[in-house]
Participant: 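Below: one structure in structure tokens.
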Amino acid sequence: MLSLLGLSMVVVFTYLIMTKRLSPVVALTVVPIVFALIGGFAPELGKMMLDGLKTVAPSAALLLFAILFFGIMIDSGLFDPLIRRILQTVNGNPVKIAMGTAVLSLLVALDGDGTTTYMITVAAMLPLYKRIGMNPLILACISMLSLSIMSGMSPWGGPATRAIAVLGLDASEYFIPMLPTMAGGALWVVFTAYILGRKELKRIGNTHLKTGGDDCYIKAILADNPNKRPKLIWLNLLLVIAVMVALVAGLMNAAVLFMLGFVVALMINYPQLDLQKERILAHSGNAMTVVLLVFAAGVFAGIFSGTKMVDSLANSLVEMIPTSWGSFFPLVVAITSMPLTFVLSNDAYYFGMVPILAQAAAAYGIDPVEIARASILGQPVHLMSPLVASTLLLVGMVDRDIGDFQRFTYKWAILTSLVITVLALLTGAISLFA
């Protein structure tokens with residue numbers, strides 16, 4: 001009964017946001033409340049919602065201060081040299097622009113953080129997309145796929161870190177066999193960008209942008225304004241590096257690091273109080289939209305978890321796997337990771353389900369490290385989920401609804417998951433038969 005109720009809730013929620021019957025904030029809040037009432041959980045509803053809000057509070061704080069921190073860095077012109085080099089290379093060719101987006105986002109995503117990847121990539125490329133009339137959903141799609149490969153598979157990225165930790169694995173043993181799959185996945189993202197760019201080329205044509213004089217497109221995109229701080233570029237770069245190093249080293253909680261980084265960046269670049277207030281207000285709209293969505297997602301997750309719908313649904317899916325499929329269990333895990341990680345948070349999937357899957361696989365003589373590798377192959381689909389905080393930031397930055405984003409992206413996300421699964425099988429990262 002709980003499995004059916006949970007599945008129905010996910011289907012109804014997905015339908016409502018993809019058809020734009022309800023806004024994401026409303027759907028994330030109202031739909032789980034209605035289904036919890038149907039399931040008879042009214043007395044515990046308030047506590048479950050509060051637990052969900054407590055769970056996402058650190059993520060909300062992280063996104064709030066990360067948006068403000070990178071917003072200040074972008075305002076100050078820190079990324080202008082990188083953006084200028086990319087703009088000079090791609091000009092107004094949609095194919096080059098899409099492929100340039102892929103290269104940039106793949107490089108930035110190496111740090112393992114979705115917020116950083118999206119903030120830098122969108123800030124660099126969105127003005128050019130708008131300038132020539134390219135669909136910004138292409139920018140969002142490519143950025144998401146890049147993050148799913150570079151952060152999703154690396155041992156310092158969230159998903160793999162969880163899988164390695166919960167199964168007690170050696171990071172090198174996990175990662176080295178995954179390198180060919182990761183490289184192939186990166187090439188696939190660039191190829192996907194080429195396909196999407198070709199489609200845009202047919203739609204809008206090749207726009208030649210002037211590279212000199214007062215009408216230079218680069219000057220227009222990187223227009224000088226009083227907020228730029230070119231003399232502080234090296235100091236700002238050192239600050240970003242310091243925050244990233246501390247983040248990777250785990251010296252402090254990520255939200256605290258970005259809060260401190262934001263405060264220092266604000267003091268360095270805009271010491272006057274009126275300028276500080278102006279810069280905060282300039283980014284507050286984007287930050288507030290994302291934070292609201294994160295808290296609404298917390299309500300959804302809190303009810304989904306508190307009612308045990310998520311546990312029942314996960315166990316039902318595991319039980320549905322026929323015994324005869326046991327000999328190629330890693331492939332089963334890879335395929336099922338797509339829907340499971342879409343409806344579950346990474347914590348719920350990797351800390352809750354992956355140990356169960358690894359234990360079941362052990363009965364067929366399958367090494368837990370293969371289950372760890374297989375479990376991350378659904379990350380391209382996971383990152384489409386409205387329960388992923390950085391995805392809410394991404395759709396907000398390109399000024400599109402998450403339903404539009406999912407409709408545009410789902411086929412590329414599924415295809416990317418299938419491609420990296422095939423690559424993992426071909427390179428021996430996971431085995432087809434036990």
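Everything quoted here is computed from the prediction, not taken from an experiment.
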Participant: Going by distance alone, is a donor N or O of one side chain under 3.5 Å from an acceptor N or O of the other, for Ser105 and Tyr118?
Facilitator: no
Participant: Can you check whether Ile97 reaches Leu139 side chain to side chain, under 4.5 Å on heavy atoms?
Facilitator: no
Participant: With Leu426, which residues qualify under side chain to side chain contact (heavy atoms under 4.5 Å, CB included), at least two apart?
Facilitator: Val422
Participant: Does the ring center of Phe70 lie less than 6.0 Å from the ring center of Phe262?
Facilitator: no
Participant: Assess the residue pair Asn236 and Asn269 against the criterion (side-chain hydrogen bond (donor to acceptor under 3.5 Å, both in side chains)); give the C-alpha distance rounded to whole Å, side-chain angles, the decisive distance to 0.1 Å, and a yes or no.
Facilitator: CA-CA 9 Å; Asn236 283 325; Asn269 292 280; 2.9 Å; yes
Participant: Around atom NZ of Lys411, are there more than 12 heavy atoms of other residues, nucleotides or ligands at under 6.0 Å?
Facilitator: yes
Participant: Do Ser337 and Ile376 make a side-chain contact, defined as non-hydrogen atoms from C-beta onward lying under 4.5 Å apart?
Facilitator: no
Participant: If we check side chain to side chain contact (heavy atoms under 4.5 Å, CB included) with Val189, which of these qualifies: Cys141, Ser143, Ser146?
Facilitator: Ser146
Participant: Once ring pair (Phe, Tyr, Trp, His ring centres under 6.0 Å) is applied, what residue pairs with a partner in residues 158-183 remain, sequence neighbours excluded?
Facilitator: Trp156-Phe175
Participant: Ignoring hydrogens and angles, state whether a donor on the side chain of Thr341 or Gln379 is under 3.5 Å from an acceptor on the partner side chain.
Facilitator: no
Participant: Where does the angle between the aromatic ring planes of Phe191 and Tyr194 fall among parallel (under 30°), tilted (30 to 60°) and perpendicular (over 60°)?
Facilitator: parallel
Participant: Donor-acceptor check, side chain of Thr427 to backbone of Pro180, threshold 3.5 angstrom: yes or no?
Facilitator: no
Participant: Check this for me, if you would: do Lys47 and Glu44 make a salt bridge, where the nitrogen-to-carboxylate-oxygen distance has to be below 4.0 angstrom?
Facilitator: no
